[in-house]
Structure formats: C-alpha cells, structure tokens
Amino acid sequence: MESSIPTRKPQPNGGIKKVMNSESIANRAQSLKRIALKWIASIDFWIIGLAVLFRYFRQTQPKSHISLMIFAVTLILITGKIATHRRTYYLTLRQRPLAMIASVALVVAYAFPLHQLDLALGLLLLLACYDIGIALFITYFGAISLAAFTCNLILYKFGIIRDQIIFTRNLPGKAPRIQAGLGLGHPNFIICALLPILALCLCIHNRIGKLVLFFVTTAYVLITYKMGQSRTSLITYVLFVVLILFQVLLPIKQGSRKAKILSCFTAVAPWLLLSLSLFVALILHDSRSLNLILSRRPYSWYFAIKRGILFYGISNKNKATYEHGSIDNLYMHLLSSEGILITLIVLAMISFLAIIAAKKGRFEVCLIILMFLAYGFTERHAFEYGFSILAPILFAPICFPSFLNVTSEMKTSHESAHVESDKARSV
C-alpha cells in the first residue's frame with residue numbers, strides 16, 4: 001500500500017515569468033545600448049555637440065581661440081555631410097528654392113546692422129540636421145547640453161572655470177549679494193544654458209524619463225539660483241513648471257479644441273509680448289516699483305525707443321548703446337537693432353512655426369516656443385547659437401517641412417522594445 005504523502009504542486013508559470021522578465025530587461029538594455037552607439041556614430045550628434053561646445057568655450061574662455069577651432073571643425077563636418085549626401089540635398093533644396101533664397105536673404109539682412117550671426121548659424125544647423133527630425137534634434141541638443149552644463153558646474157565648483165566679472169545685487173536695506181555666473185559671463189546666462197534641457201523635458205514622452213529629468217533640472221535651477229540669484233532663471237523655471245503641468249494633466253489630441261486653442265495662443269504670443277513690451281516702455285517706464293523688479297529694464301526700453309526706431313537697421317544712438325551694453329528684451333532688441341521690418345518678419349515666422357507644428361501634432365514645439373518667448377521678455381538671447389533651439393527650428397516650416405514630421409529614433413526604438421517584450425510575454 002502506497003503512502004499518500006501531500007506534495008506541493010509545482011507552479012510552472014512563475015519560473016517562466018521570471019525568465020521572461022529578465023529577458024525583457026536584457027532586451028531593453030540592449031536596445032538602449034544600440035541607441036547610444038548609434039548616437040555616437042551619428043555625424044549629426046557631433047555637429048550639435050560641437051555647436052553646444054562652441055558656445056560654452058565662447059562664454060567661459062572669451063579670449064581663447066578654441067571656440068573658433070571648434071566652429072571650423074563644425075563647418076568641416078557639415079561640408080562633409082553635404083558632400084556625401086549631395087544628391088539628397090540637391091533634391092530637397094530643389095523643391096523649395098525660393099524659400100531657401102528668401103531665408104538666406106533674411107539672415108544676411110539680420111546680420112548686417114550689428115553683425116549678429118544667430119539666425120545664420122541657426123539656419124546652418126538646420127541645414128546640417130534637417131533629415132533627423134525635430135524630436136531627435138531636440139533629444140541630441142538637450143542631452144548634450146545636460147552633459148555640458150554638468151561638466152561646467154563641476155569645473156566651476158573646483159575653481160577650474162572662474163567668473164571673468166563679479167556681479168553684485170544691491171537690495172534696499174540689505175547687504176550686497178555676489179551673483180555667480182558659473183563662468184558663463186553673466187548670471188542670466190545660466191538659464192539660457194538650461195533652456196535646451198528644459199525643452200528636452202517637454203519633449204520626452206516616457207513619464208518616468210520626464211519625471212527623472214524634471215527633478216534633475218529642478219535641482220540644477222535651485223542650486224544655480226542660490227549661487228547666481230537670477231530672477232530671470234526663477235521666472236523662466238516657474239513658467240516651465242506650468243507648461244509641464246499643462247502637458248501632463250491636460251494631454252492634447254490632434255484636431256481637438258485644446259489643440260486649436262494652444263495653436264492660436266502660441267501664434268499670438270509673440271505679438272502680445274511685443275505689445276506688452278511697448279506698453280511698459282512707453283507708459284510704465286517711470287514706475288519705480290516696476291523698474292526695481294525688472295532691474296531698470298523698462299527705463300532702458302523707453303530710451304531705446306527715444307533714440308530712434310528705424311524701418312530697417314539701427315540708429316547711430318542705439319548703436320552707441322550696444323557698444324557698451326545691451327537692451328534686455330528680445331522684442332525691443334529686435335526693434336532697436338534690426339528695425340521694424342525684420343522684427344515683423346521674425347515674429348511672423350514664429351507664429352507660422354507654431355501653426356504648422358500644431359497642425360502636425362507637435363504640441364511640445366508650441367510649448368517650447370512659449371518658453372523661449374517668455375524668456376525673451378527679460379533677455380534678448382533667445383536665438384543664441386549653441387544655447388537656442390528656437391533659431392534652427394524657426395526656418396523649418398519654410399525650408400524643410402519634413403523636419404517636423406520625422407519620428408524620434410529614440411522613441412521608435414523604445415516602442416519596438418516594448419512590442420518585443422509584449423510578444424515575449426504572450427508566448
């Protein structure tokens with residue numbers, strides 16, 4: 001007679017699930033590794049990386065020729081890419097020759113009054129990287145900027161990079177505070193360096209990745225605000241938080257009412273901010289409290305208008321102002337240094353970019369535009385080469401509309417990895 005000893009039944013599914021989970025994790029790790037290697041092998045990655053590196057050396061080492069050498073290497077890479085893909089470039093440019101001619105004419109007209117090359121270099125960067133699409137372009141730009149800013153912060157803390165000029169902030173009834181510029185030339189340049197990272201955070205679709213990068217940027221903003229005491233950084237970051245909350249809590253679908261509202265608001269935003277700047281300059285420039293809050297900016301805006309706004313170009317009195325300083329407002333800067341014609345064209349291009357981006361479902365681009373426009377209310381560096389994403393994408397709807405269509409390779413790879421893992425689980 002056999003003894004009936006109770007035995008525990010094996011659970012076959014548990015072991016299989018563990019194996020599948022480990023395989024899924026391994027597949028995702030391999031996928032991320034392939035993406036990283038593809039990035040490093042991509043010439044676009046290096047072109048964008050050199051653009052960012054050029055700006056950091058230009059700011060931290062203004063007397064060095066390293067930045068010019070970096071720019072020379074960038075031009076060599078861009079020339080090499082165009083030479084190896086000359087047929088593709090020929091066919092692409094052949095589709096919109098008038099648009100490219102008009103864009104070149106605009107950047108020449110923009111550069112002539114004060115020798116500003118921001119739009120010219122932005123167009124050059126777009127010409128070099130138009131085929132990778134806006135999602136991957138912002139991903140490269142943001143990731144490289146994050147690495148560059150981290151290195152710059154570490155080098156500054158160890159004293160390898162130092163401030164060329166010491167800035168102090170004087171508050172009534174309080175002792176003067178030293179404002180650190182992290183070696184970038186001015187405390188307000190700190191947020192300018194962080195803008196591509198904030199733009200990357202707006203573009204990430206994965207919520208965990210977005211959350212991690214959000215906390216990283218928050219930490220950087222708080223650390224740098226404690227060091228630099230830049231109210232421009234704080235105001236821009238607060239707006240960024242509002243945009244992130246809007247993006248997460250109120251997701252927008254293409255063709256929806258919210259999409260139309262966002263498109264219209266973004267298209268109107270540059271004109272609203274121009275009107276607000278003019279109102280403050282002409283009506284509120286004598287306000288003591290407003291000048292205290294905005295560090296006498298309204299007063300300088302008023303004098304920029306008083307010195308003369310031309311239809312095109314810059315008056316001699318305003319040119320003398322730029323020899324010793326600047327006008328800290330993008331809209332007043334455009335009016336005073338470029339004239340009414342160029343200002344209207346540039347703002348119209350921003351509005352057109354917002355409309356086309358929303359039509360193609362790129363709502364994150366609308367949010368990035370709003371962030372740069374709000375930054376432009378108190379600073380004029382919204383088109384700065386190496387810091388600005390806005391300058392390159394400004395020409396996209398006119399010269400390279402497909403730039404706004406291409407899906408990010410990073411996103412596509414993640415989606416394919418998820419599909420593979422889902423198939424593995426269903427086996």
Side-chain angles (χ1 to χ4, degrees), residues 46-75 111 114-122 124-125 140-169 178-200 217 220-221 223-233 236-237 295 322-328 330 333 337 372 375-376 378-392:
W46 291 106
I47 289 171
I48 296 170
L50 288 172
V52 174
L53 201 62
F54 165 83
R55 177 51 55 191
Y56 272 88
F57 272 99
R58 190 77 170 175
Q59 297 301 131
T60 57
Q61 307 290 330
K63 296 180 180 179
S64 173
H65 296 292
I66 297 176
S67 58
L68 295 176
M69 294 169 62
I70 292 171
F71 185 67
V73 174
T74 307
L75 289 178
L114 274 182
H115 309 293
Q116 298 179 106
L117 299 177
D118 298 335
L119 291 189
L121 295 175
L124 182 67
L125 200 58
Y140 283 167
F141 215 124
I144 294 167
S145 297
L146 178 61
F149 188 83
T150 304
C151 293
N152 188 85
L153 186 61
I154 293 171
L155 293 174
Y156 182 81
K157 289 296 290 182
F158 281 98
I160 299 173
I161 293 176
R162 297 179 181 179
D163 289 320
Q164 304 293 324
I165 303 172
I166 304 298
F167 294 90
T168 57
R169 183 180 171 189
I178 295 176
Q179 294 181 278
L182 302 187
L184 296 174
H186 194 282
N188 288 341
F189 264 114
I190 296 173
I191 191 62
C192 199
L194 288 171
L195 282 174
I197 308 170
L198 302 181
L200 175 60
T217 52
Y220 275 156
V221 169
I223 291 169
T224 54
Y225 178 74
K226 187 176 180 181
M227 298 168 66
Q229 296 290 314
S230 172
R231 287 167 293 178
T232 301
S233 300
T236 307
Y237 174 73
S295 302
Y322 278 97
E323 289 176 0
H324 305 287
S326 65
I327 298 169
D328 292 328
L330 174 65
H333 165 67
S337 67
F372 273 91
Y375 167 78
T378 55
E379 292 296 329
R380 68 179 182 90
H381 305 287
F383 298 138
E384 200 83 18
Y385 174 73
F387 281 161
S388 175
I389 289 174
L390 184 59

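Side-chain atoms are counted along with the backbone in the values below, which use heavy atoms only and exclude waters and symmetry mates.
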### Message
I want to check something: taking the side chain as every heavy atom from C-beta on, are W46 and T74 in contact at a cut-off of under 4.5 Å?
### Response
no
### Task
Taking the side chain as every heavy atom from C-beta outward, state whether L121 and E384 have any atom pair closer than 4.5 Å.
no
### Task
Please check if the side chain of D328 supplies one atom and the backbone of E379 the other of a donor-acceptor pair under 3.5 Å.
no
### From CZ (F158) to CG (L153), nearest 0.5 Å
10.5 Å
## Note on the structure
Scanning both residues in full, the closest heavy-atom pair of L117 with A111 reads CD2-CB, 4.0 Å
### Task
Return yes if a side-chain donor-acceptor contact under 3.5 Å exists between H333 and Q116, otherwise no.
yes
### Side chains of I70 and V73 in contact at under 4.5 Å (non-hydrogen atoms)
no
### Message
Looking at S388 and A382, would you say the former's side chain and the latter's main chain have a donor-acceptor pair under 3.5 Å?
### Response
yes
### Task
Kindly give the heavy-atom pair with the smallest separation between F372 and I389, and that separation in Å.
CZ-N, 3.7 Å
### Task
Could you check if a side-chain atom of Y385 sits within less than 4.5 angstrom of a side-chain atom of L124, using non-hydrogen atoms only?
no
### Query
Would I327 and Y322 count as a side chain to side chain contact (heavy atoms under 4.5 Å, CB included) if you check the C-alpha gap in whole Å, the side-chain angles of each, and the deciding distance to 0.1 Å?
CA-CA 8 Å; I327 298 169; Y322 278 97; 3.7 Å; yes
### Task
Evaluate side chain to side chain donor-acceptor pair (under 3.5 Å) for T378 paired with R231, printing each intermediate quantity in order.
CA-CA 10 Å; T378 55; R231 287 167 293 178; over 6 Å; no
### Query
What are the two closest non-hydrogen atoms of S337 and L114, and how far apart are they?
CB-CD1, 3.5 Å
### Message
For A391, is there any backbone N or O sitting under 3.5 Å from a side-chain donor or acceptor partner on D118?
### Response
no
### Task
Report yes if the side chains of Y156 and D163 come closer than 4.5 Å at any heavy-atom pair, otherwise no.
yes
## Note on the structure
So CG of L194 and CG of L200: to nearest 0.5 Å the spacing works out to 12.0 Å
### Query
Does the side chain of S230 reach to within under 4.5 Å of the side chain of I190, using non-hydrogen atoms?
no
### Query
Do the rings of Y220 and F149 sit parallel, tilted or perpendicular, given the 30° and 60° boundaries?
perpendicular
### Message
I'd like to know if the side chain of R55 reaches the main chain of V52, judged simply by a donor and an acceptor atom lying under 3.5 Å from each other, with no hydrogens or angles considered.
### Response
no
### Message
Looking at S233, is its backbone amide N or carbonyl O close enough to the side chain of N188 to form a donor-acceptor pair, meaning the two atoms are under 3.5 Å apart?
### Response
no
### Task
Classify the ring geometry between Y56 and F387 as parallel (under 30°), tilted (30 to 60°) or perpendicular (over 60°).
perpendicular
### Neighbour count above 12 (heavy atom, 6.0 Å) for R380 CZ
yes
### Query
Would you call L125 and I47 a side-chain contact if the rule is heavy atoms closer than 4.5 Å?
yes
### Summary
CG (L146) and CZ (F141) are apart, to the nearest 0.5 Å, by 13.5 Å
### Query
What distance separates S145 OG from N152 CG, expressed to the nearest 0.5 Å?
11.5 Å
### Query
Do Y375 and T232 touch side chain to side chain, with heavy atoms closer than 4.5 Å?
yes
### Message
Set out, in order, the CA-CA distance, both residues' side-chain angles and the distance that settles side chain to side chain contact (heavy atoms under 4.5 Å, CB included) for I161 and L182, then state yes or no.
### Response
CA-CA 8 Å; I161 293 176; L182 302 187; over 6 Å; no
### Query
Looking at CG of L68 and CZ of F54, how far apart are the two atoms once the value is rounded to the nearest 0.5 Å?
6.5 Å
### Message
Using 0.5 Å steps for rounding, measure from the NE2 atom of H186 to the OG atom of S326.
### Response
8.0 Å
### Task
Write down the atom of P196, the atom of A193, and the distance for their closest heavy-atom approach.
CD-O, 3.4 Å
